[in-house]
Amino acid sequence: MAQTASTQHSEIAAIDAGAVLDWYDRHARDLPWRVSPADRARGIRPNPYFVWLSEIMLQQTTIAAVRKYFAAFTSLWPTVENLAAAPLDDVLVQWAGLGYYARARNLHACAVAVVDQHGGVFPSTAAALRDLPGIGDYTSAAIAAICHDEVVAVVDGNVDRVVARYVALPSPVREEKPLVRATVQQAVPKRAGDFAQAMMDLGATICAPRRANCLLCPLEPACLGTKTGDPLAFPVPPAKVEKPHRHGHAFVIRHPEGKVFLRQRGPKGMLAKMTETPGSPWSDTETAATFPFAGDWRAAGEVNHTFTHFHLTLTVWSVTADTPLDEGWWAEETMLDREALPSLFRKVLKTSGLE
DNA sequence: AAAGCGGGGCT
DNA sequence: AGCCCAGCTTT
């Protein structure tokens with residue numbers, strides 16, 4: 001098919017969209033929120049609510065991690081109206097363990113905005129989608145392309161890598177976003193949704209982070225990364241920063257009647273509004289434990305957990321008592337799945353002998 | 001422009 | 001023990 005975009009950006013290597021689509025027609029991944037290229041050719045359109053939900057869940061996350069959450073959310077809340085009507089706390093319970101909890105708060109705010117401001121129908125253009133909570137450059141483009149074939153560049157981490165290799169980008173991708181976007185934009189065909197998903201599938205299955213199966217790649221003929229003999233050298237990694245190590249104490253208060261004391265975290269910062277076991281502030285140095293009340297506190301072990309920008313070691317202390325703290329509640333030890341507990345605090349409870 | 005924000009799977 | 005993942009928001 002005609003690639004007419006060559007003149008204006010002669011310095012940018014053209015991506016052969018026809019070859020990419022041909023590959024996608026044969027090798028598209030089958031995903032719960034996706035409409036296959038064959039069905040799309042038959043006029044079947046994806047459900048924008050499912051597409052949006054999957055895109056939010058997939059931000060900085062893997063498909064393997066998302067599958068169960070997507071199934072649970074669509075089962076509990078089949079429509080955006082259902083999700084908007086749910087209490088935020090219920091959404092946080094279902095999101096617990098998936099991480100980046102601002103996504104869950106924005107997810108709920110976005111559902112409410114779609115219902116209240118758009119009559120329950122997701123906007124159809126990337127520009128309008130971009131104004132909703134939790135929807136940025138990538139997600140707005142992805143939804144508009146996948147649901148409505150808007151001709152926009154959909155650039156996620158997969159596409160960054162494919163393009164960085166394709167043009168043998170000598171500097172970190174974050175410094176060359178405009179070039180990457182322009183390279184994709186000039187290639188977007190009429191089948192924009194299939195093309196967007198094809199490029200991501202290509203990055204996930206052929207042009208993977210530590211494995212490049214160039215022999216099977218539709219972009220191989222013009223790929224400069226392959227020609228260098230070492231496509232895995234791209235993308236060039238940014239300078240890495242060392243993660244500091246922080247320390248703290250966690251207090252597991254076990255009621256004699258089979259309950260454990262939990263409380264809600266504050267509205268800002270790490271794990272905001274999520275449920276936690278009581279504990280000390282997290283410090284750059286090791287400090288002695290200051291127990292919330294006198295009792296037979298026993299050391300249960302340590303929990304090590306790594307966040308995006310620091311390592312954390314919590315010393316876990318356990319006591320059996322019926323003494324509640326100022327704010328919080330007693331949770332049945334057999335019902336902890338109903339609590340909005342991040343993985344860190346599930347580890348704490350497990351270390352104390354619960355779960 | 002840079003920093004803050006989770007968690008798990010793969011190598 | 002790193003690296004990376006269908007990034008967004010705030011400062």
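Labels below follow one simple rule: chain letters A, B, ... track the order of the sequence lines, proteins then strands, and each chain is numbered from 1.
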- Base, sugar-phosphate alone, or nothing: which one does A:Arg29 contact when heavy atoms must sit under 4.0 Å apart? base
- Message: Applying a 4.0 Å non-hydrogen cut-off, can you work out what A:Trp95 is touching in the nucleic acid: base, sugar-phosphate, or nothing?
- Response: nothing
- Item | N/O donor-acceptor pair, side chain A:Arg103 with base C:dC8, under 3.5 angstrom | no
- At under 4.0 Å, does any side-chain N or O of A:His305 touch on OP1 or OP2 of B:dG6? no
- Starting from the 5' end of DNA chain C, give me the residue, A:Thr62 or A:Asn106, whose nearest nucleotide shows up first. A:Thr62
- Note on the structure: Comparing nearest nucleotides in DNA chain B, the 5'-proximal residue of the pair A:Arg210, A:Ala272 is A:Ala272
- Query: Quick one: on DNA chain C, does A:Arg161 or A:Gly134 contact a more 5' nucleotide (nearest heavy atom)?
  - Reply: A:Arg161
- N/O donor-acceptor pair, side chain A:Ser343 with base B:dG6, under 3.5 angstrom: no
- Message: Enumerate the side chain to side chain donor-acceptor pair (under 3.5 Å) contacts for residues 113-124 of chain A, please, sequence neighbours excluded, ordered by first and then second residue.
- Response: none
- Given DNA chain B, 5'-ward residue of the pair A:Lys347 and A:Arg174, judged by closest heavy atom: A:Arg174
- Task: Would you confirm whether A:Arg45, through its side chain, and A:Cys147, through its main-chain N or O, come within 3.5 Å as a donor-acceptor pair?
- Result: yes
- Message: OP1 or OP2 of B:dC5 versus the side-chain N and O atoms of A:His309: is any pair under 4.0 Å?
- Response: yes
- Heavy atoms under 4.0 Å, any strand shown: does A:Pro237 hit a base, just sugar-phosphate, or nothing? nothing
- If you look at every strand shown and take non-hydrogen atoms under 4.0 Å, does A:Gly269 touch a base, only sugar-phosphate, or nothing? sugar-phosphate
- Anything under 30° is parallel, anything over 60° is perpendicular, the rest tilted; go ahead and classify A:His245 against A:His311. tilted
- C:dT11 versus B:dG6 - spacing of their P atoms, nearest Å: 15 Å
- Query: Is the closest side-chain donor-acceptor distance between A:His305 and A:Ser343 under 3.5 Å?
  - Reply: no
- Distance-only donor-acceptor test, A:Thr61 side-chain atoms vs B:dG6 base atoms, 3.5 Å: yes
- Message: Counting the atoms with a prime plus P, OP1 and OP2 as sugar-phosphate, which does A:Phe307 contact under 4.0 Å by heavy atoms, base, sugar-phosphate, or nothing?
- Response: sugar-phosphate
- Can you tell me, in whole Å, how much space there is between the P of C:dA6 and that of B:dT11? 14 Å
- Message: Regarding A:Ile63, tell me which of base, sugar-phosphate or nothing describes its non-hydrogen contacts under 4.0 Å with the strands shown.
- Response: base
- Task: Look at the rings of A:His249 and A:Trp317 and say which category their plane angle falls in: under 30° parallel, 30 to 60° tilted, over 60° perpendicular.
- Result: tilted
- For A:Ile135, which contact category applies under a 4.0 Å heavy-atom criterion: base, sugar-phosphate, or nothing? sugar-phosphate
